[in-house]
Each structure stands twice: as structure tokens, then as C-alpha cells.
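Labels below follow one simple rule: chain letters A, B, ... track the order of the sequence lines, proteins then strands, and each chain is numbered from 1.
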Amino acid sequence: MATTLPRNADVAEQLELLADLLELEGQDAFRVLAYRRAATRVRETGGSIAQLALDGKAKSLQGIGKTIEEKIVQIVEKGEIEALTKRKGTIPAGVVSFMRLPGLGPKTARRIWQELGISTVDELRQAAEAQRLRTLTGLGAKTEENLLKELAKTPEPAQPQRALLGAALPAVLAAVEELRAHPAAEKVSEAGSVRRRRETVRDLDIIATATDPDALTTHFASLPWVAEVVARGGTKATVISYDGLRFDLRVVPPECYGNLLQHFTGSKDHNVALREEAVRRGLSISEYGVTTVETGDVFTTASEEELYEYLGYRFIAPELRENAGELAAARRGELPELIELGHLKGDLHAHSTWSADGKGTIEEMALAARARGYGFLAITDHSHYLRDDRLGRQDAEIDALNERLAPFRLLKGIEVNIRADGSLDVPDEVLAERDWVVASIHVRHSSNPTERIVGAMENAHIDCIGHLTGRKIGKRAPVDLDFEHIVEKALETGTCLELNSQPDRIDLRDAHARLAGEAGVRLVITTDAHSVGALAYAELGVAQARRAWLTKKHVLNTRTWPQIEKSLRR
DNA sequence: GCCGTTTTCGGCCCGACTGTTTTCAGTCG
């Protein structure tokens with residue numbers, strides 16, 4: 001049974017730990033790197049890596065070869081990689097945690113352990129206090145001081161919470177606009193993970209060129225929403241906003257703006273892979289330019305498009321820059337034409353005041369949807385609030401609105417609950433009358449989720465499965481699903497999978513949405529809006545869809561309602 | 001350990017910063 005297989009995250013964790021231990025042993029750095037790369041690849045794979053390894057197909061993934069595939073099989077069969085079990089016996093767990101302290105790497109951690117016999121964090125603190133670390137060559141008073149400072153921090157080094165894209169994106173786009181409005185500014189763009197539209201981000205990077213860099217950083221540091229200026233120089237400023245977001249502005253020379261924007265957009269893995277390919281062709285890439293090694297000629301450009309072109313690639317949208325096959329596709333000219341916000345013709349999951357937590361009336365929601373240029377909006381209030389005669393009364397309200405708002409169309413939808421036993425909380429004869437039915441799990445999330453979802457798909461009245469994994473980013477982990485099985489059933493039954501755009505859900509995750517799209521599952525991008533403002537979350541869902549390589553044709557609600565209706569199973 | 005439009009062997013991104021050094025190793029992003 002697939003449910004007994006280890007999760008990708010668990011496999012990745014073992015590979016990562018093995019890399020740590022090999023590094024502490026002083027093994028070849030490239031071998032260590034290979035394990036780390038494999039761990040990243042596993043983490044970002046949508047399907048079950050354990051199943052792939054059992055089938056002998058994990059090798060087809062970039063960065064995973066015969067040896068690591070065998071080690072993944074070991075995890076399935078024995079619960080742990082043998083080499084890992086062996087090393088856990090010889091290297092104390094405390095030494096691994098040394099390595100995680102800022103400024104302490106594997107080399108130093110190993111020497112402290114081997115040469116001073118220190119193997120716990122407590123012993124490390126005592127040794128630093130007793131000034132024993134400085135007896136090692138290469139370590140001095142400063143190292144001891146920094147280390148003690150690190151160790152004095154709160155016992156649980158509460159790592160800076162990553163912000164949701166839903167909070168960060170509007171903030172950074174507003175900041176970019178404010179900077180562009182300044183007379184000293186020339187080009188301004190967001191960069192980093194927020195430009196790649198990752199679901200969560202840490203720092204918000206902005207890259208700019210300016211006629212007067214100092215004037216621009218000064219302006220930036222004095223914007224009204226800035227709570228704290230962490231640092232400000234002639235070409236760089238770091239500030240923290242009142243809502244706790246950290247912004248980095250870098251003003252760069254205009255002639256290599258393209259090189260720098262590309263560099264600071266990342267991802268790191270994308271850039272490393274880009275540079276490795278370049279090395280094979282006698283080029284050396286840095287943030288300052290592309291050097292032809294033989295001649296020493298340096299290519300700089302103000303345009304990121306020109307940079308990719310110079311290197312022999314089609315322009316790669318920032319959302320794709322994760323070293324997940326985009327470089328090969330760009331070289332062959334086979335990148336997908338990614339979906340855009342403007343392609344959406346309507347929203348298929350929205351709530352109204354008929355749900356207790358809905359903030360907008362049906363009319364308000366309809367008008368807001370129409371104002372966005374949509375042709376339709378499905379009102380999918382929770383089944384729980386539509387008992388007795390309420391569904392009929394809601395339908396009458398929708399009928400009246402449809403007469404007034406035509407050709408705009410409100411759909412009579414519903415969001416039914418998939419109960420813990422897998423049954424639906426609305427009878428089939430009621431579902432049969434609805435225009436659009438979303439089925440979602442809201443209770444007992446982790447109790448047989450795959451079986452419950454697959455069961456719901458088998459009901460021909462269900463059009464779509466809502467927020468599949470039930471995750472709340474940073475609060476509730478996604479449920480453990482057999483995603484391949486769900487994809488299979490979605491294809492067989494024609495059920496859609498929702499890409500829910502709520503900022504803390506963004507559910508499906510990118511790797512899963514990509515897998516589903518490649519398999520041919522019909523996807524819908526919905527907002528699950530509980531207020532008129534929330535309809536704008538569609539931008540987040542589209543961003544995630546782009547990260548999943550999805551095009552207009554993968555997403556059902558890029559079509560008009562009559563086109564969609566014709567394609568539904570009934 | 002992985003990988004291949006110059007390689008199945010011999011490579012494996014690049015630069016900034018820090019602390020310790022008198023020219024560099026380790027760490028970080």
C-alpha cells in the first residue's frame with residue numbers, strides 16, 4: 001500500500017542528515033553536495049519518491065543516480081539508510097547541531113569535536129567561556145565571543161517567520177511603485193523569492209538603478225511605513241516595515257542591471273545550474289557579467305532578456321527559475337506559455353453572507369466579480385448553512401440577480417463536506433440540481449483522506465475537490481495523501497482539482513499542481529473568497545499555477561461558463 | 001555521488017565577508 005511508504009520529506013531529511021554526517025567526517029565535498037542536491041530534488045518532487053525508487057525510476061530525476069536510488073529503497077525496506085545508521089553510532093548528535101550554529105561550519109565543528117573532545121552544546125558553551133576554543137589554530141577570541149552570543153539567544157532560536165506571499169506581494173509591489181515615483185529612480189523591480197512568487201518569502205529584495213543612488217536609498221529609508229532602518233548606505237538600504245516585513249534595496253550600475261536582477265532573482269539552484277552549463281561552454285557567469293574565459297571579454301547588459309538570449313536560452317519567467325527542468329526547456333525553445341491573471345473568466349469557489357463567515361452579500365460578490373471582468377461567479381456556500389428551505393431561498397435570490405446582471409451569470413453552487421466516514425453531507429438529488437459542486441474535507445483531516453477524496457470523486461455530481469491537502473501554511477501541515485492515486489481517479493472520473501488561492505492555503509502546492517497538469521487533470525483556480533476583497537487572491541493562485549508550469553489550457557475557468565458547462569460530466 | 005552538443009573520467013558557480021592570518025580558509029547566500 002502506498003500509504004505505508006515514507007514521505008518525500010522524510011526521505012529528504014535522511015539524505016540531508018547523511019550529507020551532514022559525511023561532511024563532518026571530512027568526506028569529499030562534492031559527494032556531500034550530491035546528497036544535498038538529491039535531498040532538494042526529492043523535496044520538490046510531486047510524486048512518491050519511494051515508489052519511483054522501488055520501480056527503478058528515481059534515477060531519471062536530475063541529481064539522483066544508482067547509489068542514491070538504492071539508498072532510498074533502503075529507507076523503504078529498513079526504515080533508514082544503512083550508511084546513516086552506521087554513522088549515527090560514531091558521530092554524536094550534538095556535533096551535528098554545532099554545524100547549524102551561524103559561523104560554525106563542518107570543518108570547525110569536526111575539529112572542536114575531534115581535537116577538544118567536545119560533543120554536546122553544553123560542553124561547547126563551557127569551552128568557549130573557559131577560552132579553550134582559542135587553543136585551536138584558526139580560532140580566536142572573536143570566534144568564542146560570537147559563539148557565546150549565538151548560544152545566549154533564546155533556547156529555541158525562534159527563526160524569523162517566513163511571510164505569506166499574500167502579505168508580501170502587495171507590500172513589495174507598492175514599495176516598487178513608490179520608488180519608481182521618485183525622480184532619482186530609473187529602473188526598479190522586485191527580485192528574489194517574491195519575484196519568483198514563492199508561497200512564502202523571507203526578505204523582500206528590490207533592485208534599482210538611479211541617477212542619484214544616495215537620494216533613492218535616503219528616500220526609501222524615510223517612507224512612512226518604515227518602522228526601522230536596519231542599515232543604509234550610498235547604494236544599499238535595509239528597512240523593516242510596521243507589519244514586520246524586511247526589505248532590501250540595492251541600487252546597481254545601469255550597464256549591468258540585467259545581470260544583477262537575474263542574479264538576485266535566483267533561485268540559487270537555478271543560478272548554479274546556469275553557471276555550471278556556462279562553464280562547460282567556456283563562460284563564467286557572475287552578478288557583474290559573463291566572462292568568456294579564453295578572451296577575457298565581459299558581457300554586461302541592462303536587460304535580463306538579453307542575458308538569457310546571450311547564453312542561448314529563451315527568456316525564463318521568474319516563477320520557473322527553480323532548476324526544475326526550465327533551463328533545458330528554454331534551450332530547446334520549449335517553455336510553456338504560462339497562464340496569466342487576465343485569462344481567468346470567472347471564479348468557481350466563493351462564499352456570501354449565507355455562510356456564517358462570509359462578509360459580502362451575493363449581490364456584492366457578483367458586482368465585484370463583474371468589476372474584475374469576470375463573466376461568472378459560483379456561489380458555493382457551505383452546505384451546513386443551506387439546510388431546510390434556505391437553499392431554495394438562496395436560489396431565488398440568485399435567479400433575481402441573474403435577471404438584473406445578465407449577461408453576467410451567478411452559478412448556483414455548493415461546497416459540500418466530505419464526512420469522516422467518506423459520505424457527503426448533502427443528498428445526491430440536491431447535488432444533481434446544482435450548477436457547480438465543490439467537495440471538501442473540513443473535519444478529521446487526517447482520517448483516511450485519500451479514500452474519502454477518491455470516494456467523493458466517484459460521485460458523478462461532484463465537479464471539483466476543494467483545498468485538497470487542507471494545509472494552513474505555518475499552522476497546519478498538509479494531510480498525507482496518495483497523490484498519484486488521486487490524480488488517477490481525477491482523470492478517470494473527470495473531476496477537477498482546485499488550486500485554492502487563499503494566502504495561507506495555496507493548495508495545491510506547486511509540485512503537485514505541475515504533476516496534475518502534466519497528467520492531464522483539469523484544474524480550476526479559485527479564491528474561496530469570503531469577502532469582495534478576497535476575489536483579488538486570484539493573483540496568488542495564478543502565480544502558483546505559473547510556478548507549476550500551467551498554461552491557459554490546463555485551467556478550466558479560463559473558459560466561459562457555457563463552455564465549461566458543456567464539458568461537465570452529468 | 002552525479003553527469004556528459006567538445007568528456008563514461010575528471011570535472012563540479014561565484015563573490016563577499018569574517019576572522020584569522022601575513023596570503024588564506026571557512027562560511028554564507
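- A donor-acceptor contact closer than 3.5 angstrom links the side chains of A/His270 and A/Glu326.
- Following rounding to the nearest Å, A/Tyr313 (OH) and B/dT5 (P) show an atom-to-atom distance of 11 Å.
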Discussion item. Please encode protein proximity along nucleotides 18-29 of chain B as a string of B, S and -, counting only heavy-atom distances under 4.0 Å.
Written reply: -SS-----SSSB

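- Of all heavy-atom pairs between A/Val290 and A/Asn259, the closest is N-ND2, 4.2 Å.
- Residues A/Asp507 and A/Thr469 have side chains that bring a donor and an acceptor to within less than 3.5 angstrom of each other.
- Comparing the C1' positions of B/dG11 and B/dA16 gives a spacing of 25 Å, expressed to the nearest Å.
- Counting to the nearest Å, the P atom of B/dC2 and the CZ atom of A/Arg31 are 10 Å from each other.
- Separating the CZ atom of A/Phe264 from the P atom of B/dC14 is a distance of 16 Å, rounded to the nearest angstrom.
- Note that CG of A/Leu21 is 8.0 Å distant from CE of A/Met99, once rounded to the nearest 0.5 Å.
- Look at the P atom in both B/dC9 and B/dC14: the space between them is 25 Å, to the nearest Å.
- Heavy-atom nearest nucleotides on DNA chain B were determined for A/Lys59 and for A/Asn271, and the one closer to the 5' end corresponds to A/Lys59.
- Using a cutoff of 4.0 Å between basic side-chain nitrogens and carboxylate oxygens, A/Glu518 and A/Arg514 are scored as salt-bridged.
- Summarising the geometry, the separation between CD on A/Glu277 and C1' on B/dC14 is reported as 16 Å, rounded to the nearest angstrom.
- Partner assigned to B/dT8 is none, using Watson-Crick or G-U wobble distances below 3.5 angstrom.
- The CD atom of A/Glu69 sits 11 Å away from the P atom of B/dC3 (whole-angstrom rounding).
- Look at the P atom in both B/dT27 and B/dT20: the space between them is 13 Å, to the nearest Å.
- A/Ile68 has its CD1 atom 8 Å from the C1' atom of B/dC2, to the nearest Å.
- Side-chain N/O atoms of A/Asp243 and A/Ser241 include a donor and acceptor closer than 3.5 Å.
- A cation-pi arrangement is absent between A/Arg314 and A/Tyr308, since the terminal nitrogen or guanidinium carbon is not both under 6.0 Å from the aromatic centre and inside a 45° cone about the axis.
- The CD1 atom of A/Ile339 sits 7.0 Å away from atom CG of A/Leu550, with the distance rounded to the nearest 0.5 Å.
- As judged by a 4.0 angstrom heavy-atom cut-off over every strand, A/Leu18 is placed among residues making no nucleic acid contact.
- An anti base is found at B/dT5: its glycosidic angle is more than 90° from 0.
- The interatomic distance linking A/Leu33 (CG) with B/dC3 (P) rounds to 12 Å, in whole Å.
- Look at the P atom in both B/dC28 and B/dT23: the space between them is 25 Å, to the nearest Å.
- A residue-by-residue look at A/Ser284 and A/Asp28 shows that A/Asp28 has its nearest nucleotide of DNA chain B further toward the 5' end.
- Rounded to whole Å, atom P of B/dG15 lies 11 Å from atom CD1 of A/Ile285.
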For nucleotides 6-11 of chain B, which of its nitrogen or oxygen atoms have a protein nitrogen or oxygen under 3.5 Å away, and what is each distance?
none

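- Using atom P as the reference point in both B/dT5 and B/dG1, the two lie 23 Å apart (nearest Å).
- Across the C1' atoms, B/dC12 and B/dT8 are found 16 Å apart, a figure rounded to whole Å.
- Note that CG of A/Asn271 is 8.0 Å distant from CD1 of A/Ile285, once rounded to the nearest 0.5 Å.
- Salt bridge A/Glu16/A/Arg36: present, at least one basic N to carboxylate O contact under 4.0 Å.
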